[in-house]
Amino acid sequence: MAQSRYSAAKARAQGRPGWTVTFRHPLRSDAKGRPGLKVRRGLGTADSEEADRLVAELNVILADTSWWSALKREEAERRFSKVITAAFYDEIQAGRPDPWDVRERHIRLRDAAEDYSRVIFVGTTGAGKTSLLRHVIGSDPDEDRFPSTSTAKTTVSDIEVVLADEPFAAVVTFFSEFWVQANLEDCIADACSAAWAKAPQAKVADRFLNHRDQRFRLTYTLGSWEDESANISDDDWAFEENAAPVGMGEGHIDEEERRTNASLLRTYVDRIFAISARATQTLSSELDEDVSKLTGPDLEAAQELFEERIQDDPDFDELVHDVMDSLRSKFDLLLKGELDFHPSGWPAKWMFECEERREFIEQIRWFSSNYAPQFGRLLTPLVDGIRILGPLFPTFTKTQPKLVLLDGQGLGHTPDSSASVTTHITRRFAEVDVILLVDNAQQPMQAASLSVIRAAATGGHQQKLSIAFTHFDQVKGVNLPGFAEKRAHVMASVTNGLANLRDVLGNSIIRTLERSVDQQCFMLGALDQPSSKLPKGVKGELERMLETFRKAIEPPPAPAANPVYRPDGLVLALQSAARGFRRPWSARLGLQPHENAYKEHWGRIKALNKRIATEIGTEYDNLKPVADLLARLSEEISRFLDNPATWHPRSPDDAEAEAALSSIRQQVYTDLHRIVERRLVQDHLDDWRTAYDLRGKNSTFGRAQQINAIYEAGAPIASTVINSVAAEFIQEMRRLVYQAIVAKGGTIQADDVS
């Protein structure tokens with residue numbers, strides 16, 4: 001029989017007529033990766049007796065483990081009400097479809113077979129890549145405001161645009177209910193911790209409304225917190241004399257709706273303070289001391305216990321589900337388009353078609369905007385992808401280019417050029433024709449931009465690389481009187497950046513980049529202005545950029561020669577890659593020092609652990625173990641590939657050699673994405689969950705040791721005596737590299753290459 005905790009109860013639906021049922025699902029994991037996810041589902045009735053009858057049916061299922069199988073659904077549907085079988089059996093059979101595939105089924109991305117060039121925009125936050133995208137799709141910064149821009153992280157979902165002389169169409173996919181709920185739990189827990197630290201209401205509200213990684217911003221959807229104690233006048237900080245006031249615009253939030261949102265937020269924050277107070281009191285009683293006075297390791301241990309106690313509080317789950325209901329209710333405000341739902345009732349996708357551009361842009365903005373007057377209705381934080389199609393052609397030229405444009409979240413700013421580029425971006429390199437790095441011309445090329453060059457080159461995609469330098473109009477100095485001097489100044493930063501990567505990428509790749517980069521760099525400025533107001537020179541650079549995109553789909557010449565390899569050096573390359581991954585991570589985990597890495601706060605390590613344990617991601621902020629191992633392996637394998645023993649049938653020149661080697665690198669890089677994630681994450685999910693479950697004193701050290709053990713198994717460092725784990729790793733990597741070499745026409749000089 002089932003454990004007693006698996007029982008259902010009815011509850012009132014927040015802000016809606018009717019009853020809901022809440023229960024812990026024995027077949028779905030909670031935020032700790034353990035069975036018992038708390039579920040709330042509507043019963044579709046306002047009748048109390050009918051609700052009791054339905055709850056009783058669900059308790060029959062929960063009390064008998066024989067029903068706990070997806071194979072029993074058909075039998076359950078004959079015995080129980082449809083709403084009850086749906087509540088229990090939905091979401092336990094098949095995994096969630098890949099959102100990319102969902103969008104592809106509705107709007108297909110064109111490719112070179114149809115003369116379309118695919119371009120991915122990559123750049124640091126604030127570099128101006130979305131402003132550039134606006135010009136390429138003919139979007140007016142004042143009338144359209146799409147896609148949204150700001151100085152902070154703005155684009156947090158994938159935006160995919162197909163330029164075609166066809167009616168406007170869109171498909172929007174949303175993050176899973178579990179992903180949203182897990183991030184919401186983070187926000188509430190973070191806000192409770194702020195309340196424990198006696199932070200003011202406004203600070204607690206900010207922690208609740210804005211996730212610490214800045215990607216999940218509830219203020220867009222729930223509304224802004226109104227701090228009545230604030231008395232700073234915006235006029236005191238108006239830098240522009242003639243700055244126009246922000247208008248309400250179409251679809252604005254009226255005063256009554258704004259007050260309703262603000263009142264609900266105050267209720268949520270009050271509940272957060274109450275949960276925090278109860279957890280503090282409970283923990284102090286358990287430890288027989290005032291936890292607010294603890295310091296050092298005792299405080300760290302108490303903080304972890306505090307997080308556990310707040311999530312044990314009965315109102316924590318209720319608050320999570322009440323907020324989830326509020327988020328779900330915002331979809332009811334959509335007046336146009338077709339909204340499809342998952343079986344659980346969570347939105348899956350929204351589709352829309354129309355002929356008129358203005359109407360189309362107005363509707364798309366609900367899913368992408370950061371427009372403050374619309375806070376309280378915007379669905380932006382819940383969106384993981386937007387794909388649109390239509391006559392979205394640039395207005396700075398008369399041509400109608402055949403383009404597919406991919407934009408996404410900006411790269412974080414980092415001081416280390418070896419920092420890894422998220423695999424969410426790098427896995428698309430093989431599918432595009434142009435990697436457009438957008439960088440700020442005002443400053444020397446920064447580490448994050450160099451990381452993109454580094455990733456593209458070691459993945460064999462250096463020929464796809466183009467660089468758009470924004471803010472070129474701000475490049476000024478008494479030693480820079482004209483365009484030629486300013487361009488030379490900017491290009492010097494590229495040359496210096498490439499020189500810094502020579503030891504990593506090798507001379508042949510750097511020479512290839514130096515040959516091509518001058519023709520594939522574009523100097524752009526005033527991108528915050530409408531296209532009609534751009535200087536002639538900028539328009540010329542944009543047109544040259546479009547021509548580069550068009551030529552990118554021209555097929556490369558067939559290799560003039562193929563490399564022949566001896567396998568001797570590959571083991572050393574793998575050893576170096578594993579060491580380059582493991583040692584910095586040992587420092588981040590606080591297990592040993594490293595010159596270029598430092599111990600991360602235990603809370604950040606735990607946040608990464610949670611994402612992997614609950615299968616909602618493999619990264620947290622700049623903590624990217626999968627991307628790190630991928631980068632180190634691709635770099636070291638690229639060095640191995642750079643040095644074939646000989647060539648067949650003849651020795652090629654530098655350009656021919658690099659073309660042949662790049663095709664092998666591309667195959668290796670594509671295959672590595674799949675294998676690295678499996679070795680570090682999928683093969684060790686139970687271990688990640690065990691590490692996350694650690695609590696109490698010394699749990700931080702214990703978690704670090706367990707994560708390090710996962711890394712040791714996933715990327716073992718081979719030594720003189722090779723154990724079975726290292727041997728298996730070497731064999732798998734050898735097989736991957738050898739297959740790529742042979743598939744691209746190369747040869748291995750070895751008797752056994754299995």
Enquirer: Has Arg703 got its NZ or CZ under 6.0 Å from the middle of the six-membered ring of Trp688, at an angle within 45 degrees of the ring axis?
Expert: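 Verdict for Trp688: no cation-pi partner in Arg703.
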Enquirer: Under a 3.5 Å threshold, yes or no: a donor from one side chain and an acceptor from the other, between Asp439 and Ser449?
Expert: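 Present: a donor and an acceptor within the cut-off.
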Enquirer: Please name the pair of heavy atoms, one in Val676 and one in Val626, separated by the smallest distance, quoted to 0.1 Å.
Expert: CG1-O, 3.5 Å
Enquirer: Would you say the side chains of Arg583 and Asn596 form a donor-acceptor pair under 3.5 Å?
Expert: no
Enquirer: Quick one: CD on Gln682 to CD on Glu677, what's the gap to the nearest 0.5 Å?
Expert: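 Here the interatomic distance stands at 5.0 Å.
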Enquirer: Which pairs count as salt bridge (Lys or Arg N to Asp or Glu O under 4.0 Å) when at least one residue sits in residues 507-521, sequence neighbours excluded?
Expert: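 Every pair satisfying salt bridge (Lys or Arg N to Asp or Glu O under 4.0 Å) with a residue in residues 507-521: Arg487-Asp518, Arg502-Glu514, Arg511-Asp654.
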Enquirer: Considering only residues two or more places apart or on different chains, which pairs with a residue in residues 549-563 satisfy salt bridge (Lys or Arg N to Asp or Glu O under 4.0 Å)?
Expert: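 Applying salt bridge (Lys or Arg N to Asp or Glu O under 4.0 Å) to every pair that reaches into residues 549-563, excluding sequence neighbours, yields Glu547-Arg550.
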Enquirer: Are the ring centres of Phe216 and Phe175 closer than 6.0 Å?
Expert: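 Ring centres of Phe175 and Phe216 not closer than 6.0 Å.
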Enquirer: Are Met545 and Ser466 side-chain neighbours, meaning at least one heavy-atom pair lies under 4.5 Å?
Expert: no
Enquirer: Cut-off 3.5 Å, side chains only: do Asn562 and Trp647 have a donor facing an acceptor?
Expert: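 Checked: Asn562/Trp647 side chains show no N/O donor-acceptor pair below 3.5 Å.
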Enquirer: For Pro716 and Ala726, which heavy atoms make the closest approach, and how far apart are they?
Expert: CG-CA, 3.5 Å
Enquirer: Is Arg588 close enough and on-axis enough to Trp585, meaning under 6.0 Å and within 45°, for cation-pi?
Expert: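 Flagged: Arg588 positioned over aromatic ring of Trp585.
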Enquirer: Working to the nearest 0.5 angstrom, can you tell me the gap between Thr618 OG1 and Leu623 CG?
Expert: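 The CG atom of Leu623 is 11.5 Å from OG1 of Thr618, to the nearest 0.5 Å.
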Enquirer: Could you walk me through whether Met445 and Ile467 pass the side chain to side chain contact (heavy atoms under 4.5 Å, CB included) check?
Expert: CA-CA 11 Å; Met445 185 166 278; Ile467 307 176; 4.0 Å; yes
Enquirer: The test is ring-ring contact (aromatic ring centres under 6.0 Å, His included); show your working for Tyr738 and Tyr565 and say whether it passes.
Expert: CA-CA 9 Å; Tyr738 293 172; Tyr565 290 94; 9.0 Å; no
Enquirer: Please name the residue in the list Arg679, Arg735, Arg734 that meets the salt bridge (charged side-chain N to carboxylate O under 4.0 Å, His left out) test with Glu728.
Expert: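 When Arg679, Arg735, Arg734 are each tested with Glu728, the salt bridge (charged side-chain N to carboxylate O under 4.0 Å, His left out) holds only for Arg679.
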Enquirer: How would you list all residue pairs meeting salt bridge (Lys or Arg N to Asp or Glu O under 4.0 Å) that involve residues 589-599, not counting sequence neighbours?
Expert: none
Enquirer: Taking Arg582's backbone N and O only, do any of them form a donor-acceptor pair with Ser586's side chain (distance below 3.5 Å, no angle check)?
Expert: yes
Enquirer: Can you tell me if Thr747 and His648 form a side-chain donor-acceptor pair at under 3.5 Å?
Expert: no
Enquirer: For Leu501 and Asp503: C-alpha separation, side-chain torsions, deciding distance, then whether side chain to side chain contact (heavy atoms under 4.5 Å, CB included) applies.
Expert: CA-CA 6 Å; Leu501 296 179; Asp503 289 343; over 6 Å; no
Enquirer: Rounded to the nearest 0.5 Å, what separation is found between the CD1 atom of Ile637 and the CD1 atom of Ile664?
Expert: 12.0 Å
Enquirer: Would you say Gln667 and Gln739 are linked by a side-chain donor-acceptor pair, where the criterion is simply a distance under 3.5 Å?
Expert: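 Distance-only check fails for Gln739 and Gln667.
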Enquirer: Shortest non-hydrogen contact from Arg110 to Arg118?
Expert: O-NE, 3.0 Å
Enquirer: Between Phe729 and Leu574, is any pair of side-chain heavy atoms under 4.5 Å apart?
Expert: yes
Enquirer: List the atom of Leu589, the atom of Ala704, and the distance in Å for their closest heavy-atom pair.
Expert: O-CB, 3.3 Å
Enquirer: Can a side-chain donor-acceptor contact be found between Arg454 and Asn500 if the only test is distance below 3.5 angstrom?
Expert: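 There is no such pair between these side chains.
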Enquirer: Test Ser662 against every option in Lys744, Gln463, Gln462, Lys464 by the side chain to side chain donor-acceptor pair (under 3.5 Å) rule and name the one that passes.
Expert: Gln462
Enquirer: Can you name the side chain to side chain donor-acceptor pair (under 3.5 Å) partners of Asn723, sequence neighbours left out?
Expert: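 Asn723: no side chain to side chain donor-acceptor pair (under 3.5 Å) contacts found.
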Enquirer: Are there over 12 heavy-atom neighbours, none belonging to His424, within less than 6.0 Å of that residue's NE2?
Expert: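 12 or below, so no.
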Enquirer: With a 4.0 Å cut-off, would you call Lys610 and Glu307 a salt bridge?
Expert: no
Enquirer: Among residues at least two apart in sequence or on other chains, which ones pass side chain to side chain donor-acceptor pair (under 3.5 Å) with Asp642?
Expert: Arg665
Enquirer: Working to the nearest 0.5 Å, report the span between CG of Leu672 and OG1 of Thr423.
Expert: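 Taking CG in Leu672 and OG1 in Thr423, the distance rounds to 12.0 Å.
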Enquirer: Looking only at side chains, do Asp407 and Thr130 share a donor and an acceptor under 3.5 Å apart?
Expert: yes
Enquirer: With a 6.0 Å cut-off on ring centres, are Phe469 and Phe522 close enough?
Expert: no
Enquirer: Testing the 3.5 Å rule here: is there a donor-acceptor pair between the side chains of Asp433 and Ser117?
Expert: no
Enquirer: Under 4.0 Å between a side-chain nitrogen and a carboxylate oxygen: does that hold for Asp158 and Arg428?
Expert: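 Judged by the 4.0 Å cut-off on N to carboxylate O distance, Asp158 and Arg428 do not form a salt bridge.
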Enquirer: Where do Leu591 and Phe701 land on the side chain to side chain contact (heavy atoms under 4.5 Å, CB included) test, with the steps shown first?
Expert: CA-CA 8 Å; Leu591 300 178; Phe701 180 67; 3.6 Å; yes
Enquirer: Check the pair Arg604 / Arg212 against side chain to side chain contact (heavy atoms under 4.5 Å, CB included), numbers first and verdict last.
Expert: CA-CA 10 Å; Arg604 288 170 50 79; Arg212 66 189 77 171; over 6 Å; no
Enquirer: Flag the pair Ile730 / Met733 as yes when at least one side-chain heavy-atom distance between them is below 4.5 Å, and no otherwise.
Expert: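 SC-SC contact between Ile730 and Met733 ruled out.
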Enquirer: Are Leu411 and Thr125 packed together at the side-chain level, in the sense that at least one heavy-atom pair is separated by less than 4.5 angstrom?
Expert: no
Enquirer: Will you find, in the side chains of Ser420 and Asp628, an N or O donor that is under 3.5 Å from an N or O acceptor?
Expert: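 Judged by distance alone, the side chains do pair up.
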Enquirer: Does the Ser634 side chain pair with the main chain of Thr458, one donor and one acceptor, at a distance under 3.5 Å?
Expert: no
Enquirer: Mind checking side chain to side chain donor-acceptor pair (under 3.5 Å) for Thr422 and listing every partner two or more places apart, or none if nothing turns up?
Expert: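 By the side chain to side chain donor-acceptor pair (under 3.5 Å) rule, Thr422 matches Glu619.
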Enquirer: Assess the side chains of Asp190 and His211: does a donor N or O sit below 3.5 Å from an acceptor N or O?
Expert: no
Enquirer: Would Arg387 and Trp100 count as a cation-pi pair here, with the cationic atom under 6.0 angstrom from the ring centre and within 45° of the axis?
Expert: yes
Enquirer: Taking the side chain as every heavy atom from C-beta outward, state whether Glu636 and Arg632 have any atom pair closer than 4.5 Å.
Expert: no
Enquirer: Taking the side chain from Ser176 and the backbone from Trp179, do they hold a donor-acceptor pair closer than 3.5 Å?
Expert: yes
